[in-house]
Amino acid sequence: MSKRKIPFYIISLIVVVSLAVSIKNVAESWQLQRELARAQSVAGEAAQQAGPQITPENSHTVEYRKFPFVGSRVAVWVIAELHLMFAAFVLAVPMFALIIELIGYYTKDKRYDHLAYEFTKLLSTSFSFTASLGALLTFMLIIYYPKLTTYLIAIFSPTFLPYVLLFFAEAGFLYAYYYGWGKFSPKVHIALGVALNLVGTTIMFIANAWLTFMNTPAGINESGGLLSVWGAITNFTWMPINIHRLIANVAFGGSIAAAYGAYKFLGARSEEEKAHYDWMGYVGNFIAIAALLPLPFAGYWLGKEIYAYSQSLGIVLMGGTFSWLFIIQAVLIGNLFLAANYYLWVSMERIEGAQRFRKFIKYLLASITVCFIVWATPHSLVATVEEARRMGGSHHPMLGVLGVMSAKNTAVNILILTTYISFLLYRRGNREATVSWAKLGNTVQFLIFAVVVSFVVFLGVYGYFVEAKVRIGLSVPQVLSVLFAMISVTVIDIFMFKNAKSIGPIRWGKIPARAQYALFFLAVTFTWLMGLMGYVRAGLRQHWHVYGVMQDTSPDAFTPTLGFASGVVSVTVLIFFTFIAIVFWLSGLSGKKDWEAGTGKTAPSKGGLDLAEEGQS
């Protein structure tokens, strides 16, 4: 066994064990859930068997149908998650592929053109998976939830024809953008990319109206009758979820693209291939982290609108049924920031001159660790009666103060600034400012960070001495101050390092393999987090299909346990990455050599080589 393959076997073993544990946990949890639901469903099933058979006259009375073994809810849940994951990827990749192509066009650097083409190669098969899963989801909703589907059709039927037409337009633009690489003039090809992104974003906005209406219905009367289609579309959470999903999709798509670069890097044979896919992984990770930094701010806006619509929903979200799920979210996001920073720190090994910044890593790690601990500290603890008696309640006498939002908002803002500083050090790795005001610029940047951190901490402490309404509002100036720090420091850095002196090259491809495994970890964690938050959004309604309008009276009308939900999400993530592995494999076939009949050997593939050359020309 070669040393090269040992990490692969270790990762494979971990995946197999994780899959076995997840399936075991899901099976046990599913059995418990079914036993709880059986008592609710026996009477309904008996009444259905005793009642008349389904005929054309009474077919409209059917509200639910049962999916074998796992139940209708779990089946629809898994398919919906898979569809949304692929849809997010298909929406995000054209965005940063277009941006990279534009950079190549204006800088005349052919490497960017080739990189954009590499990203776009992942779209063809992914788009097919997205469409197939979308069709399957539609059929399952019609079959297993006919009453709910009929009601949503009655509300949103005017949006269906534009949605379908836009979907066909997206397919046309996508394949023209991919297969037209090098066949059209650069301006025409860029125009196709712009059209593809506009159409894809519009499709997402339409679909978001359907799902947000179920949580925060609007445009209807007290009995649920339609008053305004536009009112139903522009409900309380429609625009917040549009922005949140747009940013999250870019972060998610970037992480998957980075994982593809890591996959190709580990299988590369030549130094040239390693250099190219190392760069690809870095760009994908940069896109993911750049989108991750503002993502919590979009989440704040979404949460604020949920509270504005219904305080009951807000309490269920953050202080009730799903409160412990947000502890899991904090652990996952903390791991994302930790892994992202780790990748940047390891990446400095490929940069000549970056060694001078290594002394700062321990301080950055300490900041991340403290913020991570604060963010993951629960407000109330799961404890026995004896433990609660000793603590004097469910709140820990010392750590309980870290469980409220004042502490958590402060921690996440400092965590974002810490990650930004890691990127700033990486960016400066092999460069030295030559402008006369470089020392002043560094001083101003340091003062900006110091003032903003002090201000964020002050607001966090002040939040303990004001009422809840004021405390929630303090998150806005915290967010704005952090955004101000990142924007102002970036502007200063751009001017300060313009025409900077290079003190060493970036040796692309000269990076430890562990950095590539960090990219895999980021992709899996992003996906798992996306699945978990999808469950939160849907589960927030609890026993309602459409909150306050249409009640869920199916046998599955109960909130699943956190363990069961986590198991379903884990299995969904494993299925998704199985499909993604197929996408990676199929995307790599274009670079393979043609099979030569009669010899069993391969000959150079003119098509594959031409495409590669077109990507660089």
Side-chain angles (χ1 to χ4, degrees), residues 80-81 83-85 87-88 90-92 95 130 134 137-138 141 148-149 151-167 170 197-222 224-252 291 294-318 322 472 475-476 479 530 533-542 544-550:
E81 289 278 19
H83 172 63
L84 289 175
M85 288 173 181
V90 168
L91 177 69
M95 291 183 182
T130 306
L137 175 61
T138 302
L141 287 172
L148 169 63
T149 306
Y151 178 67
L152 293 178
I153 289 173
I155 299 295
F156 291 105
S157 56
T159 67
F160 291 165
L161 181 59
Y163 183 88
V164 172
L165 294 177
L166 286 169
F167 185 80
E170 182 182 30
N197 281 284
L198 290 175
V199 170
T201 303
T202 305
I203 288 175
M204 185 193 73
F205 278 24
I206 293 175
N208 284 345
W210 309 338
L211 66 92
T212 54
F213 175 82
M214 297 172 70
N215 278 8
T216 55
I220 55 176
N221 57 29
E222 293 181 358
L226 179 65
L227 296 177
S228 167
V229 176
W230 183 244
I233 292 173
T234 57
N235 59 76
F236 268 70
T237 55
W238 179 60
M239 191 51 68
I241 205 74
N242 285 338
I243 302 304
H244 189 269
R245 285 190 64 187
L246 193 65
I247 298 172
N249 289 351
V250 172
F252 171 72
L295 189 56
F297 306 147
Y300 292 156
W301 182 24
L302 177 59
K304 179 176 179 295
E305 291 301 319
I306 291 174
Y307 268 98
Y309 178 80
S310 170
Q311 289 189 2
S312 298
L313 276 179
I315 292 171
V316 169
L317 178 67
M318 299 299 298
F322 296 99
I472 293 172
S475 63
V476 176
V479 167
M530 187 175 178
M533 291 298 99
Y535 161 66
V536 173
R537 180 195 55 76
L540 181 62
R541 299 187 300 272
Q542 295 184 300
W544 294 94
H545 287 313
V546 179
Y547 186 71
V549 177
M550 178 180 287

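From a predicted model like this one, the values you see are computed outputs, not experimental measurements.
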Checklist entry - How long is the span from the CG atom in Leu540 to the CD1 atom in Ile306, to the nearest 0.5 Å? => result 5.5 Å
Checklist outcome for this item: Taken to the nearest 0.5 Å, the spacing of Leu227 CG from Ile220 CD1 works out to 8.0 Å
Item to check | Steps toward side-chain contact (heavy atoms from CB on, under 4.5 Å) verdict (Asn215, Ile241) | outcome: CA-CA 11 Å; Asn215 278 8; Ile241 205 74; over 6 Å; no
Checklist entry - So which heavy atom on Met530 is nearest to which on Ala88, and how close? => result CE-CB, 3.4 Å
Checklist entry - Should Met214 and Leu148 count as side-chain neighbours, where that means a heavy-atom distance under 4.5 Å? => result yes
Checklist outcome for this item: On a heavy-atom basis, the closest approach of Val90 and Glu170 is CG1-OE2, 4.3 Å
Item to check | Smallest separation among heavy atoms of Gly231 and Ala218, with atom names | outcome: O-CB, 3.5 Å
Checklist entry - Yes or no on side-chain contact (heavy atoms from CB on, under 4.5 Å) for Arg537 and Leu302, after CA distance, side-chain angles and deciding distance? => result CA-CA 11 Å; Arg537 180 195 55 76; Leu302 177 59; over 6 Å; no
Next on the checklist: How long is the straight-line distance from CG of Asn197 back to OG1 of Thr201, given to the nearest 0.5 Å?
Outcome noted: 6.0 Å
Item to check | Validation row: Tyr309, Pro217 side chains within 4.5 angstrom (heavy atoms) | outcome: yes
Checklist entry - Any side-chain heavy-atom pair from Tyr163 and Ile203 closer than 4.5 angstrom? => result yes
Checklist entry - In Å and rounded to the nearest 0.5 Å, what is the CZ to CG distance from Phe160 to Leu152? => result 7.5 Å
Checklist entry - Nearest 0.5 Å, what's the CD1-CH2 distance between Ile233 and Trp238? => result 7.0 Å
Checklist entry - Using the ring of each side chain (for Trp, its six-membered ring), is Phe213 parallel, tilted or perpendicular to Tyr151, with breaks at 30° and 60°? => result tilted
Next on the checklist: Treating His244 as the side-chain partner and Ala298 as the backbone partner, does any N or O pair qualify as donor plus acceptor under 3.5 Å?
Outcome noted: no
Next on the checklist: With rounding to the nearest 0.5 angstrom, report the CG to CG distance, Leu84 to Leu137.
Outcome noted: 7.5 Å
Checklist entry - Can you find a heavy atom in the side chain of Arg245 that is under 4.5 Å from one in the side chain of Leu211? => result yes
Checklist outcome for this item: Nearest heavy-atom contact between Ala154 and Ser157 is O-OG, 4.1 Å
Checklist entry - Quick one: are Met95 and Asn249 in side-chain contact, heavy atoms under 4.5 Å? => result no
Checklist outcome for this item: Correct closest heavy-atom pair for Gly225 and Asn221 would be N-OD1, 2.7 Å
Next on the checklist: His545: which residues meet the ring pair (Phe, Tyr, Trp, His ring centres under 6.0 Å) condition with it, sequence neighbours left out?
Outcome noted: Tyr64, Tyr145
Checklist outcome for this item: Scanning both residues in full, the closest heavy-atom pair of Met239 with Trp301 reads CG-CH2, 3.7 Å
Next on the checklist: Set out, in order, the CA-CA distance, both residues' side-chain angles and the distance that settles side-chain contact (heavy atoms from CB on, under 4.5 Å) for Asn235 and Glu305, then state yes or no.
Outcome noted: CA-CA 10 Å; Asn235 59 76; Glu305 291 301 319; over 6 Å; no
Checklist entry - Should Ile206 and Phe156 count as side-chain neighbours, where that means a heavy-atom distance under 4.5 Å? => result no
Checklist entry - Any side-chain heavy atom of Val546 sitting closer than 4.5 Å to one from Ile155? => result no
Checklist entry - So Trp544 and Tyr547, would you call those rings parallel, tilted or perpendicular, with 30° and 60° as cut-offs? => result perpendicular
Checklist entry - Side-chain contact, heavy-atom cut-off 4.5 Å: Ile247 with Phe297? => result no
